[in-house]
Q: 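My structure is below; once you've seen it, I'll send some questions.
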Amino acid sequence: MELEYASEKVKMQCTSIKAANKLFGGDAMLTRNLLSRINALSAAETIKDIVIQSSFRFHALKNKKGRNLEGYFAIDVKSIREPWRIILQPLTDDKQQYNPCNIDEIAGKVRIVEIAEVSKHYE
C-alpha cells in the first residue's frame, strides 16, 4: 500500500528511529512497534489486509470536541493498553478522500492511505 503523510513532521516520526524515539519520550518498545506498524501498512496490498488483523484494532473515529473525524480511522501503535494511535485516512487512487467513507465497501480497493498523525488520541 502507498503511504502519504499529512506533514513532514509526521513522516519523520513514522520513518526515523530518532524522531519516533523523541515522540515516545525514549520508549524503545513503542518506537519499534510504530515502525513495525508502518512497515505492515506499507506491505499490505489493500487496507483490508490491516482491517482483518485484530491485533491492529482498526476502528473508525468519532467527531469529538468540535473536531470532524469522519472518514478517519485509527490503529493501535502497540496495544489497547497503550494510549498511542496511528490516525489514518483512506484515499482514492487520485489521492482524494472517499465521500462517503464506508470502510466495509471500500476496504478491498483502498491502496493509498494518508497518515494524519501519531498521537495519544484519547487524551
Side-chain angles (χ1 to χ4, degrees):
M1 196 162 35
E2 182 181 337
L3 301 182
E4 297 286 321
Y5 297 92
S7 68
E8 191 61 32
K9 179 181 178 181
V10 173
K11 182 177 182 177
M12 290 302 295
Q13 290 171 337
C14 293
T15 59
S16 162
I17 292 173
K18 183 177 178 181
N21 222 11
K22 182 178 178 183
L23 173 68
F24 298 125
D27 188 325
M29 183 63 77
L30 282 173
T31 297
R32 264 193 307 276
N33 280 282
L34 172 63
L35 297 177
S36 175
R37 294 289 200 221
I38 296 300
N39 286 337
L41 286 166
S42 294
E45 187 174 321
T46 66
I47 202 161
K48 185 176 183 178
D49 297 333
I50 301 301
V51 172
I52 62 173
Q53 294 187 42
S54 61
S55 63
F56 285 80
R57 211 174 68 81
F58 184 92
H59 57 283
L61 297 178
K62 296 183 170 110
N63 296 333
K64 274 188 156 179
K65 299 179 183 174
R67 187 171 175 202
N68 183 5
L69 297 171
E70 190 158 327
Y72 286 86
F73 300 86
I75 61 174
D76 294 334
V77 168
K78 184 176 176 186
S79 71
I80 195 168
R81 291 180 182 90
E82 294 285 341
W84 290 95
R85 307 287 182 261
I86 300 169
I87 311 303
L88 53 91
Q89 180 180 42
L91 299 176
T92 66
D93 290 341
D94 298 330
K95 298 185 180 177
Q96 302 297 312
Q97 298 175 1
Y98 278 92
N99 191 10
C101 188
N102 183 343
I103 200 65
D104 294 332
E105 293 176 6
I106 64 172
K109 59 185 174 184
V110 174
R111 298 181 191 286
I112 305 171
V113 295
E114 179 184 71
I115 308 297
E117 65 184 63
V118 178
S119 63
K120 289 183 178 182
H121 180 68
Y122 296 111
E123 284 190 348

Q: Less than 4.5 Å apart, any side-chain heavy atom of Val77 and any of Leu30?
A: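 Yes, side chains in contact.
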Q: Do the non-hydrogen side-chain atoms of Phe56 and Val51 ever get within less than 4.5 Å of each other?
A: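 Side chain of Phe56 against side chain of Val51, heavy atoms only: no contact under 4.5 Å found.
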Q: Is the shortest heavy-atom distance from the side chain of Arg37 to the side chain of Ser55 under 4.5 Å?
A: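 In contact.
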Q: Find the distance between CZ (Arg32) and CG (Asn39) and round it off to the nearest 0.5 Å.
A: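 Output value for this atom pair is 13.5 Å.
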Q: Inspect the contact between Glu2 and Arg111 and indicate whether a charged nitrogen and a carboxylate oxygen are less than 4.0 angstrom apart.
A: no
Q: Could you tell me whether the side chain of Asn21 and the main chain of Ile17 form a donor-acceptor pair under 3.5 Å?
A: no
Q: Any side-chain heavy-atom pair from Trp84 and Leu23 closer than 4.5 angstrom?
A: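 With C-beta onward as the side chain, the pair touches.
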Q: Please report the closest heavy-atom contact between Ala6 and Ala116, naming both atoms and the distance.
A: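 Looks like CB-O, 3.6 Å.
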Q: Are Val113 and Met12 joined in one hydrophobic group, where the rule is that I, L, V, M, F, W and Y side chains link up if heavy atoms are under 4.5 Å apart?
A: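 Result: no, two separate clusters.
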Q: Rounded at 0.5 Å granularity, tell me how far OG in Ser36 sits from NZ in Lys78.
A: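 It comes to 12.5 Å.
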Q: Would you say that Leu91 contacts Gln89 through its side chain, given a criterion of any heavy-atom pair below 4.5 Å between the two side chains?
A: yes
Q: Look up atom CG in Leu3 and atom OG1 in Thr15, then write down how far apart they are to the nearest 0.5 Å.
A: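 Those atoms lie 10.5 Å apart.
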Q: So which heavy atom on Cys14 is nearest to which on Leu35, and how close?
A: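 Taking every non-hydrogen atom into account, O-CD2, 3.2 Å.
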Q: When the ring planes of Phe58 and Phe73 are compared, do they come out parallel, tilted or perpendicular, using 30° and 60° as the limits?
A: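 Taking Phe73 first and then Phe58, their aromatic rings lie parallel (interplane angle under 30°).
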Q: Taking all atoms of both residues into account, what is the closest heavy-atom pair of Thr46 and Gly108, and its distance?
A: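 Heavy atoms of Thr46 and Gly108 come nearest at CG2-O, 3.2 Å.
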Q: Could you tell me which non-hydrogen atom of Gly71 sits nearest to which non-hydrogen atom of Cys101, and how far apart they are?
A: CA-CB, 3.9 Å
Q: Once rounded to the nearest 0.5 Å, what's the spacing between atom CZ of Phe24 and atom CE of Met29?
A: 12.5 Å
Q: Roughly how far apart are Glu117 CD and Ser7 OG, rounded to 0.5 Å?
A: 9.5 Å
Q: Could you go step by step and tell me if Lys109 and Tyr98 meet the side chain to side chain contact (heavy atoms under 4.5 Å, CB included) rule?
A: CA-CA 11 Å; Lys109 59 185 174 184; Tyr98 278 92; 4.2 Å; yes
Q: Closest heavy-atom contact between Ile87 and Ser119?
A: CG1-OG, 4.3 Å
Q: Can you give me the closest heavy-atom contact between Gln53 and Asp49, atom names plus distance?
A: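 Nearest pair, atom of Gln53 first, then Asp49: NE2-O, 3.1 Å.
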Q: May I ask you to decide if Leu69's main-chain N or O and Asn63's side chain share a donor-acceptor pair within less than 3.5 Å?
A: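 Checked: pair present.
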Q: Out of the candidates Leu61, Ile50, Ile47, only one should pair with Leu88 under the side-chain contact (heavy atoms from CB on, under 4.5 Å) rule; please name it.
A: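 Among Leu61, Ile50, Ile47, the one that satisfies the side-chain contact (heavy atoms from CB on, under 4.5 Å) with Leu88 is Ile47.
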Q: Could you give the distance from NZ (Lys22) to OG1 (Thr31), rounded to the nearest 0.5 Å?
A: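 OG1 of Thr31 is found 13.0 Å from NZ of Lys22.
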Q: Between Asp94 (side chain only) and Gln96 (backbone N and O only), is there a donor and an acceptor less than 3.5 Å apart?
A: no
Q: Determine, step by step, whether Glu70 and Asn68 satisfy the side chain to side chain contact (heavy atoms under 4.5 Å, CB included) criterion, reporting the C-alpha distance in whole Å, the side-chain angles of both residues, the deciding distance to 0.1 Å, and the verdict.
A: CA-CA 6 Å; Glu70 190 158 327; Asn68 183 5; 3.4 Å; yes
Q: Any non-hydrogen side-chain atom of Lys95 less than 4.5 Å from a side-chain atom of Ile112?
A: yes
Q: Measuring only between side-chain heavy atoms, which start at C-beta, is Ile115 closer than 4.5 Å to Leu41?
A: yes
Q: So, does Arg85 use its side chain to make a donor-acceptor pair with the main chain of Val118 at under 3.5 Å?
A: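 No, Arg85 side chain to Val118 backbone: no donor-acceptor pair under 3.5 Å.
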